[in-house]
Amino acid sequence: SQHYPQGPHQWRQADCLSFTLNYTEQNNGILEPELHNQMGYNGENGKSAGEFPIVYYFMGKVWKVTGQQEWLFRLVNLLLFLAALFALSLLLYKKTGSHTMALFFAGLVFTIPVLSYYAPNFLMNITALSLVLLGWFFAVSFYDDAKLWKGILAVLLFALAPPLKITAFISILALGGVLGLHLLFPKLKLLKKLPLKVWLVAGLGLFLSISLAGLWYNYAREYNTTFGGWFTFNDMWPIWQADGALLRETADFVAHVWVREYFTPLGYLMLIFSIGVLIYYFKSIPAFFKAMLLFVFLGNFLYVMLWFKALRDHDYYVINLYALPFLIWLVALWRIKQQIVKNSMTKMFGVLAMGIALTASALYTNFHLYLRYNGWMNDGGQNKHASFFDITPYLRNEIKLTREDKVITYPDPSYSITLYLANQKGWPMPLEQNADFVAEKIKFGAKYILVNDSSFYTKEGLDQFHLTKIGQHKNVTILKIE
């Protein structure tokens with residue numbers, strides 16, 4: 001059952017899948033994203049927009065052929081991430097001539113628990129990071145040989161990433177900052193002398209990245225305002241809006257929970273070691289890398305300040321910040337290869353140490369992935385919404401509901417989990433809501449209530465409705481509103 005959305009941030013996973021399934025079941029254009037949740041004005045529709053829905057649209061069309069297959073969505077995101085990881089490892093190999101260094105870097109990245117969990121998942125944060133990393137590869141290749149097709153590919157990848165997640169801008173703007181510094185202060189020798197076409201392609205890339213992101217997020221705001229559905233706020237949660245209690249809670253949660261997920265112990269050791277290498281060999285590191293590291297660091301710092309309030313509950317908000325440690329590792333490994341690896345004995349010892357370290361790292365990550373699916377993050381492996389995983393055939397065949405029959409699902413604090421799993425339009429009802437919520441949704445067209453917790457029956461005011469039990473699927477009781 002692990003192909004269903006579950007584990008940490010099942011809420012956001014289900015939003016992504018709800019958009020996808022609506023593209024499958026309906027004939028919406030790519031600029032008409034829609035959820036199962038009828039959150040629009042007067043419960044009229046589920047039209048809402050956050051990130052640019054090109055992946056949801058594409059997977060929706062794939063599902064028209066294959067049927068609703070979550071594992072296919074997982075596979076597409078995973079393959080894109082693996083392609084990005086391969087590209088970066090290939091780049092390191094080209095610069096060092098060392099297969100060992102390249103494989104070690106790939107292992108370091110792939111055993112990061114956060115990335116191992118979200119790579120085969122549904123969130124666009126990992127998709128945007130993958131596009132940026134592929135953009136890095138083609139940008140460096142274009143810089144090396146000025147082949148136009150590589151530059152165009154880099155432009156397209158960099159332009160597509162920010163509309164998926166605005167945080168993808170960090171390393172793109174850092175690259176733009178380096179180019180700007182090189183133009184203003186050529187004596188810094190940040191870059192070699194570049195032909196005109198490189199400058200034109202770089203300018204086009206920055207223009208397209210900023211323009212497309214601006215156009216999309218402006219469109220999304222207008223779309224949500226027009227239809228009344230806001231599943232995400234496309235806004236900032238800055239640190240200065242956090243009170244002392246939230247600051248302490250966030251620091252405590254990050255220190256005791258997320259810090260174990262951001263990196264493996266090997267990842268932290270390599271990060272500290274790599275920073276030491278960069279400091280020790282600082283003078284001999286090319287000015288370009290120094291400038292990139294500075295700009296990406298500043299971008300990460302600003303991001304943490306501007307979205308601080310999201311960090312307590314959302315590990316996936318850090319995904320696009322990994323550009324900085326990746327860059328640190330790449331530069332450090334390149335410098336180590338230049339300086340340290342001199343003889344066969346050193347190489348043999350290095351390969352053995354790397355192999356042992358990566359094995360331990362993989363075991364650590366495997367255990368943490370197990371906890372994400374079988375520990376407290378997923379209700380001890382018994383996801384509270386598990387009764388909805390296979391409820392759709394029962395609703396269609398036994399109860400004769402169509403997906404257009406509007407339902408209330410209880411309890412569900414999210415926008416989409418139970419509605420997506422049941423493939424029903426309607427409204428999720430949070431635990432704290434009461435009979436007034438039910439009355440409002442009946443006015444908007446609710447015909448059935450899918451009850452997954454007996455606390456529903458203790459709510460005051462339910463006796464004003466005539467509710468008839470018409471079915472039972474596992475823990476879910478289906479009530480008809482007469």
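Counting from 1, the numbers follow the sequence of the chain as shown.
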Single hit among Val318, Asn320, Ile170 for side-chain contact (heavy atoms from CB on, under 4.5 Å) with Asn300: Ile170
Kindly list each side-chain donor-acceptor pair under 3.5 angstrom involving residues 128-137, sequence neighbours excluded, with atom names and distances?
from   : atom 1 : to     : atom 2 : distance (Å)
Ser130 : OG     : Ile126 : O      : 2.9
Trp136 : NE1    : Ser171 : OG     : 3.4

task: Describe, in one word, how the ring planes of Trp237 and Tyr317 are oriented to each other, choosing from parallel (under 30°), tilted (30 to 60°) and perpendicular (over 60°).
output: parallel
task: Provide the full list of salt bridge (Lys or Arg N to Asp or Glu O under 4.0 Å) pairs with a residue in residues 154-177, sequence neighbours left out, each pair given once.
output: Glu51-Lys165
Contacts of type side-chain contact (heavy atoms from CB on, under 4.5 Å), residue Leu200, not counting sequence neighbours: Leu196
- prompt: According to the interplanar angle, ranging from 0 to 90°, do the rings of Phe122 and Phe73 count as parallel (below 30°), tilted (30 to 60°) or perpendicular (above 60°)?
  reply: perpendicular
query: Would you say Phe444 and Asn42 make side-chain contact, with heavy atoms under 4.5 Å?
result: yes
message: Enumerate the salt bridge (Lys or Arg N to Asp or Glu O under 4.0 Å) contacts for residues 148-157, please, sequence neighbours excluded, ordered by first and then second residue.
response: Asp145-Lys150
Counterpart residues, salt bridge (Lys or Arg N to Asp or Glu O under 4.0 Å), relative to Glu249 (two or more places apart): Arg312
message: Please report whether the ring centroid of Tyr57 lies less than 6.0 Å from that of Phe52.
response: no
- prompt: Any side-chain donor paired with an acceptor under 3.5 Å for Asp412 and Thr418?
  reply: yes
- request: Please name all residues satisfying salt bridge (Lys or Arg N to Asp or Glu O under 4.0 Å) with Lys441, sequence neighbours left out, ordered by chain then number.
  value: none
Would you tabulate the side-chain donor-acceptor contacts of residues 462-470 under 3.5 Å, counting partners in other chains and residues two or more places apart, or write 'none'?
from   : atom 1 : to     : atom 2 : distance (Å)
Gln464 : NE2    : Gly461 : O      : 2.9
Thr468 : OG1    : Glu482 : OE2    : 3.2
Lys469 : NZ     : Gln472 : OE1    : 3.3

- prompt: Within a reach of under 6.0 Å around CZ of Arg260, are more than 12 heavy atoms found that belong to other residues, nucleotides or ligands?
  reply: no
query: What residues form a side-chain contact (heavy atoms from CB on, under 4.5 Å) with Glu432, not counting sequence neighbours?
result: Pro430
Do any side-chain atoms of residues 206-214 form donor-acceptor pairs under 3.5 angstrom with protein atoms, and if so which ones, sequence neighbours left out?
from   : atom 1 : to     : atom 2 : distance (Å)
Ser209 : OG     : Phe158 : O      : 3.0
Ser209 : OG     : Gly205 : O      : 3.0
Ser211 : OG     : Phe207 : O      : 2.7

- prompt: Among Trp258, Phe326, Tyr322, which residue meets the ring-ring contact (aromatic ring centres under 6.0 Å, His included) test with Phe263?
  reply: Tyr322
message: Show me the pairs that pass salt bridge (Lys or Arg N to Asp or Glu O under 4.0 Å) and involve residues 445-456, at least two apart or across chains.
response: Asp405-Lys447
field: Non-neighbouring partners of Asp436 that pass salt bridge (Lys or Arg N to Asp or Glu O under 4.0 Å), sequence neighbours left out
entry: none
message: Under the rule for salt bridge (Lys or Arg N to Asp or Glu O under 4.0 Å), what residues qualify as partners of Asp243, not counting sequence neighbours?
response: none
- prompt: Aromatic ring centroids of Tyr223 and Phe227 under 6.0 Å?
  reply: yes
